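Order of the sequence lines sets the chain letters (A, B, ...), proteins ahead of strands, with each chain counted from 1. Keep in mind the model is a prediction, meaning the values are calculated, not measured. Just so you know, these numbers use all the heavy atoms, side chains as well, and skip hydrogens, waters and symmetry mates.
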There are 2 protein chains.
Amino acid sequence: GLTIPAYAEMPKIKWRLASSFPKSLDTIYGGAEMLAHRIMELTAGQFEIRVFAGGEIVPPFGVLDAVQQNTVECGHTASYYYYGKNKALALETTCPFGLNTRQLTAWVFEGGGLEQLRKLFADYQIVNFPGGSTGAQMGGWFRSEIKSLSSLNGLKIRIPGFGAEIFSRLGAVPQSLPGGEIYPALERGAIDAAEWTVPYDDAKLGFHKVAKYYYYPGWWEPGTHLVFYVNKTQWDALPPIYQAVFETAAKETHLLMLATYDVKNPTALQQLVRDGAVLRRFPDDVLLKAYATAQQVYAEESAHNPAFKAIYESIQAFQQIADPWWGIAESSMANFMRAMQRQQNKTAP
Amino acid sequence: GLTIPAYAEMPKIKWRLASSFPKSLDTIYGGAEMLAHRIMELTAGQFEIRVFAGGEIVPPFGVLDAVQQNTVECGHTASYYYYGKNKALALETTCPFGLNTRQLTAWVFEGGGLEQLRKLFADYQIVNFPGGSTGAQMGGWFRSEIKSLSSLNGLKIRIPGFGAEIFSRLGAVPQSLPGGEIYPALERGAIDAAEWTVPYDDAKLGFHKVAKYYYYPGWWEPGTHLVFYVNKTQWDALPPIYQAVFETAAKETHLLMLATYDVKNPTALQQLVRDGAVLRRFPDDVLLKAYATAQQVYAEESAHNPAFKAIYESIQAFQQIADPWWGIAESSMANFMRAMQRQQNKTAP
């Protein structure tokens with residue numbers, strides 16, 4: 001007959017997971033807790049992962065290094081935090097005017113994306129797993145209205161990564177600030193604007209009280225993915241059944257984090273508007289110039305970074321056919337529904 | 001120490017799963033195979049589910065009855081097939097002008113939807129699990145153009161469920177036909193139009209050769225969910241660890257089926273257009289009248305069906321806040337990207 005492994009015969013494994021996120025970002029931080037809980041449940045407690053919030057055992061932006069060096073077995077982070085190491089890493093998270101979150105999920109799991117990303121992460125001794133999503137983010141908080149491209153001249157905006165690079169070329173002065181320092185900087189006018197994430201998380205930091213214009217679309221993060229990192233040596237040493245458990249549980253987190261945000265963000269947006277946030281769409285000239293600039297940035301990076309070039313081309317090839325389909329199937333419906341709602345409720349955001 | 005159950009001590013369980021779908025609908029049918037494979041893997045072969053295609057052991061539309069009667073332990077189907085039993089069941093799948101697929105997933109898992117649906121399915125001795133999605137569907141194939149509402153007068157269209165009810169009130173003559181009979185009926189002009197699913201599946205049946213106008217949006221299926229049914233008695237008898245395995249594996253299928261369609265549909269749409277399909281948006285007067293009629297249908301059903309009323313009101317309440325958020329975060333970005341692509345490629349669909 002079959003040889004059936006018994007749980008009791010399977011190794012007892014204890015891992016530490018370093019999250020980049022504070023517990024106050026409960027939906028994102030909670031993704032790692034959800035993973036750990038499910039893995040315990042599916043292995044009758046034999047495979048135990050203890051989750052540490054950002055800074056507890058590893059600095060928030062030290063997760064890649066810590067997993068690479070096997071200081072911790074695994075982590076939960078966002079790959080664009082490591083933009084400074086290789087801009088190709090940021091493509092795992094999102095990129096300006098790139099795929100939306102459903103498209104990025106499709107490209108990763110079924111469009112050859114995961115294979116390409118795994119090759120990149122092998123350089124860091126890491127095996128990567130999509131680990132949740134926020135959906136499209138907002139364009140952030142501005143103390144004054146952005147009436148046209150010229151409003152960006154000299155604008156001090158807190159924004160990291162590709163977004164910062166593009167804003168800089170548009171005349172703004174990007175700033176790097178941790179989450180906790182944004183509010184006081186906006187309040188005293190040390191910065192003019194700041195992007196953070198989505199209404200549910202933005203509301204907690206109270207930005208609307210000090211910078212009331214809330215802009216959209218968040219063109220630099222059209223569908224942000226979080227990620228689980230596992231040290232390659234640790235991964236290879238796992239029994240195959242534990243590998244399957246980890247992989248399946250990670251997919252559950254990927255699905256449910258977005259579902260959670262999709263439930264929380266609509267209410268949070270409504271409340272922010274009630275509390276004084278003023279919604280504004282970026283003017284067309286800003287969007288057009290940002291779009292053109294993004295293409296330049298990608299071309300320049302592709303010219304000297306083969307890993308970036310290969311992954312970006314794969315994303316682009318998919319986007320060229322995925323966006324028309326999205327427009328026909330999803331947006332044609334969404335735009336009609338939005339028009340119906342505007343007719344019925346003129347005060348809706 | 002802890003008492004650790006061993007796989008060998010866990011019961012060997014063999015279930016049969018009756019799918020409503022033929023193997024030719026490989027993405028949907030494959031969802032059940034994916035579930036069964038993952039469950040085997042996670043239980044070291046102790047929990048085995050054998051998948052049968054539609055009609056092999058249970059008629060395609062007999063899955064609910066078969067699971068309710070414990071003829072099979074579980075099934076994979078679409079709840080709107082059982083519209084005739086209780087229209088509330090259809091709300092588990094999708095409804096005209098209802099939530100898109102990401103919103104429906106959010107409502108089910110994190111917005112209280114699953115609890116409400118479980119109460120409904122308890123009447124059928126069934127425990128339900130979301131089991132994949134197609135995304136927004138197309139509006140189907142038409143032999144002649146729909147120029148305005150009056151084009152629908154007497155139009156013989158193959159369409160089931162709520163869509164049929166609304167088309168009927170708009171002057172059309174809905175027909176009920178199994179998938180295999182649609183093509184010959186369109187070819188000989190016995191029907192004027194037919195809706196099926198999405199480009200990837202529609203292409204396989206070759207409808208574009210006999211009814212070239214391909215309409216969107218598919219307003220009666222803005223985000224179609226498939227579902228796994230498990231007989232309640234069988235579910236309650238499962239060891240908790242097997243319940244957790246089933247639930248987690250079902251979420252993986254839910255995530256990956258949509259990812260698969262999102263990769264396959266864009267290419268299929270492009271190929272259909274190359275092969276002669278002509279894309280058309282439903283005229284505004286059709287959409288407006290269909291929307292108003294849908295609201296009437298829901299009001300009438302709610303007046304005498306408390307289960308429908310409760311679930312529909314919950315969906316509606318969520319949609320009232322979820323659609324504005326979608327418009328701001330997702331559609332503002334998608335519409336801009338679509339405009340950029342149209343500038344660059346005037347021949348794109």
Side-chain angles (χ1 to χ4, degrees), chain A residues 2 4-8 38 41-42 44-45 97 100 102-103 105-106 109-111 135-136 216-217 219 222 241 244-245 248-249 251-252 254-256 259-260 262-263 265-267 269-270 281 287 291 321-338 340-341 348-349, chain B residues 2 4-8 38 41-42 44-45 97 100 102-103 105-106 109-111 135-136 216-217 219 222 241 244-245 248-249 251-252 254-256 259-260 262-263 265-267 269-270 281 287 291 321-338 340-341 348-349:
Chain A
L2 287 167
I4 295 164
Y7 280 115
R38 188 59 97 180
E41 192 177 36
L42 294 177
F97 303 103
N100 68 32
R102 212 178 99 183
Q103 292 169 331
T105 292
F109 285 116
E110 302 291 341
Y216 65 91
W219 47 264
I241 197 167
V245 162
T248 315
K251 285 182 187 143
E252 179 182 38
H254 192 68
L255 179 73
L256 294 190
T260 304
D262 283 347
V263 164
N265 279 326
T267 316
L269 181 70
Q270 206 173 45
R281 181 177 175 273
L287 291 175
Y291 178 83
I321 57 168
D323 275 354
W325 165 238
W326 191 272
I328 284 162
E330 298 290 341
S331 296
S332 68
M333 194 69 220
N335 292 338
F336 178 78
M337 291 307 293
R338 192 87 178 90
M340 289 301 95
Q341 279 204 328
Chain B
L2 287 167
I4 295 164
Y7 281 116
R38 188 59 98 179
E41 193 176 36
L42 295 177
F97 303 101
N100 68 32
R102 212 178 100 184
Q103 293 170 332
T105 292
F109 284 117
E110 302 292 339
Y216 65 92
W219 47 264
I241 198 166
V245 162
T248 316
K251 285 181 187 145
E252 180 182 37
H254 192 67
L255 179 73
L256 294 190
T260 303
D262 282 347
V263 164
N265 279 327
T267 317
L269 181 70
Q270 206 173 43
R281 181 177 176 274
L287 290 174
Y291 178 81
I321 58 168
D323 275 354
W325 165 240
W326 191 272
I328 283 163
E330 299 290 342
S331 296
S332 67
M333 193 71 221
N335 291 337
F336 178 77
M337 293 306 294
R338 192 86 179 89
M340 290 302 94
Q341 279 204 327

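With a 4.5 Å cut-off on side-chain heavy atoms, B:F109 and B:H254 count as touching.
Comparing A:R281, A:M333, A:Q103 by heavy-atom pairs within less than 4.5 Å of chain B, the highest count is held by A:M333. Of all the listed residues (A:G327, A:A334, A:A244), the one sharing the greatest number of non-hydrogen pairs under 4.5 Å with chain B is A:A244. Between chain B and the residues A:A259, A:A249, A:A322, the most heavy-atom pairs under 4.5 angstrom are made by A:A259.
One finds the CD1 atom of B:I321 at 10.0 Å from the CG atom of A:N265 (value rounded to the nearest 0.5 Å). Here the CG-OG1 distance, from A:L255 to B:T248, works out to 11.0 Å after rounding to the nearest 0.5 Å.
B:W219 touches chain A through backbone and side chain together, each having a heavy atom under 4.5 Å away. Both the backbone and the side chain of B:F97 come within less than 4.5 Å of a heavy atom of chain A.
Every residue was checked against the side chain to side chain donor-acceptor pair (under 3.5 Å) condition with B:S331, not counting sequence neighbours, and none meets it. With sequence neighbours excluded, the residues that form a salt bridge (charged side-chain N to carboxylate O under 4.0 Å, His left out) with A:E330 are A:R102.
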